[in-house]
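All figures in this text were calculated on a predicted structure; none of them were measured in a lab. Start at 1 and go down the list; that is how both ligands and their atoms are numbered. The first residue in the sequence is number 1, and the count goes up from there.
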Amino acid sequence: MAEFEGLAEPGSVEAELLRKIDRARMPRHIAVIMDGNGRWAGLRNLPRVSGHRAGMESVREIVETSAKLGLEVLTLYAFSVENWKRPRSEVRMLMNLLKEYVRREIKHIGESNIRFRPIGRIHELEPSVQRVLEQAVRSTRDNSGMLLYVALNYGGRAELVDAFNRMRRRTGRAGTMRAITEEMLTQHLYTAGAPDPDLLIRTSGEMRISNFLLWQIAYSEIHVTPTLWPDFRRRHLFEAIVDFQQRSRRYGGL
Ligand code: IPE
Ligand code: IPE
Ligand code: MG
């Protein structure tokens, strides 16, 4: 249990769940659709931004716990290409919170040997956000621990379109393009080089994908919890992993 030390108080619910986790069958990559911040705030008669702020605490705990669990990759869906449809004031607050989170947490992320990588159409974000992200990427790029993808201005369809366009540019004039293979496409995704998610978690009970990692989740196990993202803590992550380890993954075989 050495690696799992410090993740739970003896006798706690978390310790009980950890005991059920088989270290030999850990997911390599967990992806999370962090949903329910607005509803969390609404239930408390608070403005939606309070829910987003509370959700930052969940991000902090889940990132730290995932690294301690020895995950290779954690992907967090933070802002979709569709989220621009929200009122400008909410978008602005989300971007400000993002900058605040990265500025505040990057030192700790670095010390935890985590590599920080935003994925999505980052060039379309406002310059001040891009600068903070670039700085975070630069300061963690030599780390060898968990890879933390944060999906920002991300869409699964946009990622596929970007991948096809990159392939097209690389192969030159139309007509000279080689037949596309699954391997080629995979190598042109934002997540090139990373294993596909073994486990996809969605909070707040919604049974949909909302344009997340469409290609990569072909055989991911899906865990939907009614827990709202700001309430999602390490015990819920452990529950998701226990659930994952009870699945039989057949990949179409027997
Ligand atoms: C998830 O919470 C955060 C983002 C999508 C940015 P929501 O803001 O979607 O919260 P709900 O779904 O309205 O409760
Ligand atoms: C998905 O949540 C996107 C993120 C978590 C960033 P949404 O709240 O935007 O998804 P829908 O609108 O419920 O599908
Ligand atoms: Mg939502």
What I want to find out is whether E61 reaches R235 closely enough, with some N-O distance under 4.0 Å, to be called a salt bridge. no
Atom indices of ligand 1, in the order listed, that fall short of 4.0 Å to a heavy atom of N37: 1 (C), 2 (O), 3 (C), 7 (P), 10 (O), 14 (O)
Can you check whether a protein heavy atom sits less than 4.0 angstrom from atom 8 (O) of ligand 2? yes
N/O donor-acceptor pair under 3.5 Å between S220 side chain and P197 backbone: yes
Pair E134 + R131, salt bridge at N-O below 4.0 Å: no
Does NZ or CZ of R86 fall inside the cone over W84's six-membered ring, less than 6.0 Å from its centre and within 45° of the axis? no
Go through ligand 2 atom by atom and flag the ones less than 4.0 Å from a non-hydrogen atom of F79. 6 (C)
Nearest candidate to atom 5 (C) of ligand 1, where distance is taken over non-hydrogen atoms, out of E206, R86, M34: R86
Option set A78, G36, G51, S204, criterion heavy-atom distance to atom 6 (C) of ligand 1, minimum: A78
Can you tell me which residue and heavy atom of the protein come closest to atom 10 (O) of ligand 1, and the distance to 0.1 Å? G38 N, 2.9 Å
Among the N, O or S atoms that D35 has, which is closest to the Mg ion (ligand 3)? OD1
Considering only the protein, which heavy-atom contact is closest to atom 14 (O) of ligand 2, and what is its distance? S210 OG, 2.6 Å
Is the ring pair Y77/F212 parallel, tilted or perpendicular, if the boundaries are 30 and 60 degrees? parallel
Would N83 count as a polar contact of ligand 2, with the cut-off being nitrogen or oxygen pairs under 3.5 Å? yes
Which segment of R202 sits under 4.0 Å of ligand 2 when only heavy atoms are counted: side chain
Relative to Y154, does R121 satisfy both conditions: NZ or CZ under 6.0 angstrom from the six-membered ring centre, and within 45 degrees of the ring's axis? no
R39: numbered ligand 1 atoms lying under 4.0 Å from its heavy atoms: 11 (P), 12 (O), 14 (O)
Are E64 and K68 within salt-bridge range, i.e. N to O under 4.0 Å? yes
Nearest-contact summary for atom 12 (O) of ligand 2 - protein heavy atom, Å: R208 NH2, 4.6 Å
At a non-hydrogen distance cut-off of under 4.0 Å, which region of F212 contacts ligand 2 (side chain, backbone, both, or neither)? neither
Working for salt bridge (Lys or Arg N to Asp or Glu O under 4.0 Å), residues E82 and K85: CA-CA 6 Å; E82 283 83 20; K85 292 179 195 161; 5.8 Å; no
Would you mind checking if D198 and R249 are paired as a salt bridge, meaning a charged N to carboxylate O distance below 4.0 Å? yes
